[in-house]
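A short write-up of the structure that comes next.
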Protein chains: 2
Amino acid sequence: MATIKDVARIAGVSPSTVSRVIAGSSRISASTKEKVRYAMEEVSYVPNAIARSLARSNTRSVGFTLSRRADQAFSNPFFSEVLRGISSIAQQKDYNILLSISRDEQEEKEKCLQLIRERRVDGLIVSTSRVKDTLISALVKEEAPFVVIGRSMGIPVLSVNNDNRQASKEATCHLLDEGYRSIVFISGPRDLVVSLDRLEGYKQALVERGIPVKPERIVSVDFSEEEGFSALCTLRENRVAFDAVLASDDLFALGALRFARHYRISVPEELGILGFNDTPMMPYTYPPLTSVRILSYELGMEAISLLIEGLEQPEKRQVKKEVVLPSLLEVRQSTQKEAAPIID
Amino acid sequence: MATIKDVARIAGVSPSTVSRVIAGSSRISASTKEKVRYAMEEVSYVPNAIARSLARSNTRSVGFTLSRRADQAFSNPFFSEVLRGISSIAQQKDYNILLSISRDEQEEKEKCLQLIRERRVDGLIVSTSRVKDTLISALVKEEAPFVVIGRSMGIPVLSVNNDNRQASKEATCHLLDEGYRSIVFISGPRDLVVSLDRLEGYKQALVERGIPVKPERIVSVDFSEEEGFSALCTLRENRVAFDAVLASDDLFALGALRFARHYRISVPEELGILGFNDTPMMPYTYPPLTSVRILSYELGMEAISLLIEGLEQPEKRQVKKEVVLPSLLEVRQSTQKEAAPIID
DNA sequence: CTGTTAGCGCTTTCAG
DNA sequence: CTGAAAGCGCTAACAG
């Protein structure tokens, strides 16, 4: 493998001149530039990224970490879409992505700190949003440049998030507009900020419409189809009446669908079902499920843009900035009580 | 940030001694080892991975690249499961993953070559398997250490793959066993090795059972639900009779399900539907779809294991080795013609 | 505009 | 068992 010295020797110049040509320095005569270019071609020279990193003390790579629980929580497509978004900007700005998937928050924290301390990455994108988030605290303490996908409570940080509260509110209003009156809210674990925000939106919509918020209509369970299913079964056993389900995750919505089928409750006539995340398969369930589409790809793009901006212009680095992306309600048959029955 | 020199100074030894302690060299007295450990704690020293990489000329990181088309082809969950598998071993063996998602094969090829030439990674995992694969040829020419997820035709390489031919054959036999006789095969693009292999298995099963292979029952379309749907509509318009669909991707199976619903054809009684990949949502369609489960997580694990093995023991590096993982047929209602109707 | 000189932080002979 | 010295390949003042 050819080095900068080989190129220098062939071109009859010093290594630093070659380095300048690579860097595109302006104060280099056209002729030597030419010679160097030629020599580089000659030995098919490619700069060694590691050596460059050492000399410049930056790596041009950013870490993206997540723990499996978050992965599950958001469901897979979310995760890979975010990654695609990150990747697209990384490609464009010539950054690399170092990926790490951990089993739990603790492991993720250690991995993040390791990446930073070993100087393997210039900054991090983390996808976490617990109410009391130890990962975020650790990164702040370490003074690591990082961006959160989600919302940080308490500690001010750079973050990109979708507007969960607003989206949840709109979803609730949609159900009300369709004529549903007794809406059950299935929430994910309460220690996730996203759960709080979505619950908040649900409540807010009801309050604004003058509809009482009944605690028995709010349940919180772990993310899984099964949990969604049995949560509704339990409500039914307890004779809690409801005519719609606002599921804070598509998995819950699937569980609700199974619940309806199980008890021969017609959707959307007798039960409206609305999910979150708009998993690619939502249009293909029967009936197709209404769901809140999260701009996951864009979330990834925004996150890395924000990170790189801070890395490249440390002078105007901010402590706190929240980018909030809108969500889109994808209305499908599962909530269209009013519409005429559809023959697809 | 503390360096090895700081530690050396505090411990009253030379940098090389510190280096030896880090490396766990045996010929170091217990007492100095102790002193050095203490000094490291003192300044909370963490070795700089970049400097180490430069000195040892290896990075302890591997690249995983894929192009969007492959991503689509395999559908998202496949991709993220593979990544999880790769990540689990990487974590365990203390390797890092450098991820790159490209828009097309050409871009992916360039990115791969760049990662190798810049010496940013020690090796690559690529997920590609075209009939004439330019990426694989390029990597061989570059003499880059790499492992393919999929099957390489022609060029001998290290690869891990699931047994598509066998799985497809078993799936076909399952349909036959359930009493279906006229099976349509919906294939993905013909330039993918996976398409060929699955088609091959289908044919083989029919031949073995003495059932004629009818060309009009074999269609090849791009991966999408819509394409699957319209392929079947076209068949119907052309009065091609069939009582089962072997879909070489779950998306096609979803399309088939919509087709059945559209024409009020009952599944599984009048039409059996069987997909490939066993996307997490398959159990939740109605009726639940039978699908071939691919061990994607394991595929990732095997791939990186194979790669690392070659990296760490160059002496017994092999040119060709194909690891083949079995697939599992997940039988659900969509193919259970014989079973009594189910009230879920 | 270009060369010389010192590193970046760690590893690794080679002596002792 | 330990230290000195010479890199790994590149960048970045500092001169000229």
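In what follows, every chain begins at residue 1, and chains take the letters A, B, ... in the order their sequences are listed. Worth knowing before you read on, the calculation uses all heavy atoms, side chains too, and leaves out hydrogens, waters and symmetry mates. All figures in this text were calculated on a predicted structure; none of them were measured in a lab.
For T32(B) and M1(A), each mapped to the nucleotide of DNA chain D holding its nearest heavy atom, the one lying further toward the 5' end belongs to T32(B). Comparing V13(B) and A49(A) by the nucleotide of DNA chain D whose heavy atom lies nearest to each, the residue mapping closer to the 5' end is V13(B).
For the side-chain contact (heavy atoms from CB on, under 4.5 Å) criterion with L124(A), the lone passing option out of V62(A), L307(A), L135(A), L115(A) is L115(A). The side-chain hydrogen bond (donor to acceptor under 3.5 Å, both in side chains) test with D122(A) is passed by exactly one of N96(A), T59(A), N58(A): T59(A).
Side-chain nitrogen and oxygen atoms of S53(A) include none within less than 4.0 Å of the OP1 or OP2 phosphate oxygen of dC10(D). OP1 or OP2 of dG3(C) has at least one side-chain nitrogen or oxygen of T17(A) nearer than 4.0 Å. Residue R52(A) has no polar side-chain atom (N or O) positioned under 4.0 Å from OP1 or OP2 of dG9(D). In terms of phosphate contacts, S29(A) brings a side-chain nitrogen or oxygen within less than 4.0 Å of OP1 or OP2 of dT2(C). The side chain of T3(B) contributes no N or O atom lying less than 4.0 Å from OP1 or OP2 of dG9(C).
Across all strands shown, R20(A) has heavy atoms under 4.0 Å from base atoms, whether or not it also approaches the sugar-phosphate. Within 4.0 Å of S57(A), counting heavy atoms only, lies no atom of the nucleic acid at all.
E322(A) and R151(A) are not joined by a salt bridge, as no carboxylate oxygen comes within less than 4.0 angstrom of a charged side-chain nitrogen.
S16(A) contributes a side-chain N or O that forms a donor-acceptor pair with the base of dT4(C) under 3.5 Å.
The two residues G310(A) and R317(A) make their nearest non-hydrogen contact at O-NH1, 2.8 Å.
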